[in-house]
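Encoded as structure tokens, the structure appears first; notes follow it.
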Amino acid sequence: YDLLGFQTVEDLTAFRLAAQRRCRNAVPTDDGGLMLDGRHIALGVFPVGVDCDDIAREVRTAPASALLTMARSLARDSSLLVSADRLDRSKGLLERGLAYEAYLGLPEARARRTHLIQVVTPPRGSPFAETLAESLRAVVARVNLSAESTSAPRLQQVDGVLPHNV
């Protein structure tokens, strides 16, 4: 890799120290990276965060789209779960869908109305993306076929990148 990213300075520092201990030829560079076997590896801190209050404010004040109208309705009348991930095997999307399917089979899940909206963004060139997408569509269809009759699907997958106010 040419660049390794970490959530915090502490994580980056711990990695740099571990690399220097484990790889005797890892040499720190003036720009904060490492030189390893004649190759420069840049290191950086790229914190990932979500301002939940900001997103909630945008959702409350956004003009109504079909998806937002449905989500607002579901949130009023039931428990609404929302997830957003890139279409990648490392994200556990298929496992999440299967776990949600198993959860819906439990008596306590049948007693409460729970819905999951899963936003799936395009992959970064994954060779397995189409196979994973097909598997996800199959889980979504199976969950919605086996779920009790409701006015909205129990599991809805939205493909694509969405702004907060959709």
* **Single-linkage hydrophobic cluster F46~L43, side-chain heavy atoms < 4.5 angstrom** => no
**Message:** Tell me whether R89 at atom CZ has more than 12 heavy atoms from other residues, nucleotides or ligands lying less than 6.0 Å away.
**Reply:** no
Tightest non-hydrogen contact, residues L36 and N25, listed as CD1-OD1, 3.3 Å
Determine yes or no for a side-chain-to-main-chain donor-acceptor pair under 3.5 angstrom, with R154 supplying the side chain and T114 the backbone. yes
Closest non-hydrogen atoms of G32 and R16, given as atom of the first, atom of the second and distance, are O-NH2, 2.6 Å
If two hydrophobic side chains count as joined below 4.5 Å and joins carry through other members, does V9 share a cluster with L34?
yes
Here the gap from I117 atom CD1 to Q156 atom CD, rounded to the nearest 0.5 Å, amounts to 6.0 Å
Rounded to the nearest 0.5 Å, the CG atom of L104 sits from the CG atom of L116 at a distance of 8.5 Å
dist L12:CG -> L4:CG (nearest 0.5 Å) comes out at 9.0 Å
Test item: D2 side-chain N/O and A42 main-chain N/O as donor-acceptor pair under 3.5 Å = no
### Side-chain heavy-atom pair E10, T13 within 4.5 angstrom cut-off
no
So CG of D85 and OG1 of T121: to nearest 0.5 Å the spacing works out to 7.5 Å
Here the gap from R22 atom CZ to L17 atom CG, rounded to the nearest 0.5 Å, amounts to 14.0 Å
* Can you tell me if D31 uses its side chain to pair, donor with acceptor, with the backbone of G33 under 3.5 Å? -> yes
Could you go through K91 and R86, starting from their C-alpha distance and side-chain angles, then the distance that decides it, and tell me whether this counts as side-chain contact (heavy atoms from CB on, under 4.5 Å)?
CA-CA 7 Å; K91 302 300 179 183; R86 185 171 26 91; 3.3 Å; yes
What one should report as the nearest heavy-atom pair of V140 and L155 is CG1-O, 3.5 Å
Nearest heavy-atom approach of L136 to L87 is CD1-CD1, 3.7 Å
- Hydrophobic cluster membership, V27 vs I41, 4.5 Å side-chain cutoff: no
A19 and A26 have their tightest heavy-atom pair at O-CB, 3.7 Å
dist N144:CG -> R142:CZ (nearest 0.5 Å) comes out at 11.0 Å
Between M35 and H40 the two heavy atoms that sit nearest each other are SD-N, 3.5 Å
